[in-house]
J.: 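Please find one structure pasted underneath; my questions will follow.
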2 protein chains.
Amino acid sequence: MKVLSKGSVYALRALTYVVAHKGDIGFVNIGELSRSLDISFHFLTKIFQQLTQAGILESYRGPNGGIKLARPPQEIKVIEIVDVLEGPEFFNTCLLGLPGCGEFDPCPVHDFWKDAKAALREEFEETTLAELGKKVSDERLRIKP
Amino acid sequence: MKVLSKGSVYALRALTYVVAHKGDIGFVNIGELSRSLDISFHFLTKIFQQLTQAGILESYRGPNGGIKLARPPQEIKVIEIVDVLEGPEFFNTCLLGLPGCGEFDPCPVHDFWKDAKAALREEFEETTLAELGKKVSDERLRIKP
DNA sequence: CTGGTTTGAGACTTTCGAGTCTCAAAAAAC
DNA sequence: GTTTTTTGAGACTCGAAAGTCTCAAACCAG
Ligand code: SF4
Ligand code: SF4
């Protein structure tokens, strides 16, 4: 069962880590993040590039460069990150994956799956990076392997 | 978002189709199923082979051969099919996919994800092929592309 | 027995997400 | 200005899931 791609997972872990451990102290070095979280540096860089182009992050090159959140973490919702990295079809995919499916022409598991998808979307829409970061800081929840 | 592999999806669609359209009339030809549901014949055959070896289906070779349910559809639960085709790790995978994760050392999304997984498992455990087939027959729900 | 039909088994190919590598571009340090 | 550090962009490689193909085995009909 693969709900999120590696790209989304790495982005969420990395940004949660930034919020929890780096506060709001300017640009965070990608190499350091990659080492701390055991994520491939080049892969993480590519993921951040997408988020930068989408306006969720800002980046800066050269010494003391890195990435930082473009807005305060209280205002960045998980679903924004997922949208960028999974694409707009993410919440249209389905259990039985029939093409052109939907409310008007449903398959037998539609009723259940509709609710399950809505719950997931709601969770992503309600949760902000600040909340994830706070959980990690306060309760010492893990974000690293 | 890919919850089920193609194998599980094709198996569920095909067996639901059998229950809904073929009743209990002995062996159903795989070639006919493949054509009706627009699923690759060889791929569908491989999937059925796994289910046959697991004791969920019975097969018969030669003219008028095919596959049929080893037990009445009221007794076959969706989770049995998923277990065979997805393997035992299916319900252990996770949103953030951290290794060795679990209740005792959770990540920040654990509370939500635990419930979502439980709901999915419960749905698969409660639903039988007979129910899926009945929905398709009674309400003309679709199972084909 | 012979030939046709259908599933069984496994090798092979394709596709795509994931990960690696190389070089260019921007910025700072000197 | 030159060198060093860091992100940006894109080509390339790897591996697993998905799909195709070939032949063997079981079965029936005549
Ligand atoms: S009918 Fe509903 S549950 Fe079924 S594949 Fe379409 S959207 Fe998904
Ligand atoms: S801590 Fe819980 S939600 Fe997070 S990856 Fe592990 S099992 Fe999944």
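This one's a predicted model, so the numbers in the text were calculated from it and none came from an experiment. Here is how names work: the chains are called A, B, and so on, in the same order as the sequence lines, proteins then strands, and each is numbered from 1. Computed from heavy atoms alone, side chains included, the values below leave out hydrogens, waters and symmetry copies.
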J.: With a 4.0 Å cutoff (strictly under), does any side-chain N or O of B:Tyr60 reach OP1 or OP2 of C:dT5?
T.: no

J.: In whole angstrom, what separates A:Phe27's CZ from D:dT6's C1'?
T.: 12 Å

J.: Rounding to a whole Å, what distance do you find between B:Phe43:CZ and C:dA9:C1'?
T.: 15 Å

J.: Which is true for A:Gln53 with a 4.0 Å heavy-atom rule: it touches a base, it touches only sugar-phosphate, or it touches nothing?
T.: sugar-phosphate

J.: Atom CD of A:Gln49 to atom P of C:dA24: distance rounded to whole Å?
T.: 16 Å

J.: Output the rounded distance in Å from CG (A:Asp38) to P (C:dG19).
T.: 11 Å

J.: For B:Ile67 and for B:Pro63, find the nucleotide of DNA chain C with the closest heavy atom, then tell me which residue's nucleotide is more 5'.
T.: B:Pro63

J.: Among C:dG8, D:dG19, D:dT6, which nucleotide has an atom closest to any side-chain atom of B:Ser59?
T.: C:dG8

J.: Check whether any side-chain nitrogen or oxygen of A:Tyr10 sits under 4.0 Å from OP1 or OP2 of C:dA18, and answer yes or no.
T.: no

J.: Examine C:dG19: is either OP1 or OP2 under 4.0 Å from a nitrogen or oxygen in the side chain of A:Ser40? Give yes or no.
T.: no

J.: Closest to the A:Lys6 side chain: D:dG19, C:dA29, C:dG19?
T.: C:dG19

J.: Between B:Asn64 (CG) and D:dA26 (C1'), how many Å, whole number?
T.: 14 Å

J.: Tell me: CG of B:Asn29 to P of D:dC28, nearest whole Å?
T.: 15 Å

J.: Is B:Phe41 touching bases, backbone alone, or none of the nucleic acid, heavy atoms closer than 4.0 Å?
T.: base

J.: Between the base of D:dG8 and the side chain of A:Lys46, is there a donor-acceptor distance below 3.5 Å?
T.: no

J.: Would you please classify the geometry between the A:Phe43 ring and the A:Tyr10 ring as parallel, tilted or perpendicular, with 30° and 60° separating the classes?
T.: perpendicular

J.: Is A:Glu80 salt-bridged to A:Arg71, going by a charged N under 4.0 Å from an acidic O?
T.: yes

J.: C:dG17 P sits how many Å from B:Lys2 NZ, rounded?
T.: 9 Å

J.: Both conditions, 6.0 Å and 45 degrees, for the charged tip of A:Lys68 above the ring of A:Phe27: are they met here?
T.: yes

J.: Should B:Lys135 and B:Glu131 count as an ion pair when the cut-off is N to O under 4.0 Å?
T.: no

J.: Just the rounded figure in Å: distance from C1' of D:dT22 to NE2 of B:His42.
T.: 8 Å

J.: Counting side-chain heavy atoms from CB outward, which of D:dA26, C:dA18, D:dA18 is closest to B:Arg61?
T.: D:dA26

J.: If you measure only the distance, is there a donor-acceptor pair under 3.5 Å linking the side chains of A:Glu86 and A:Ser5?
T.: yes

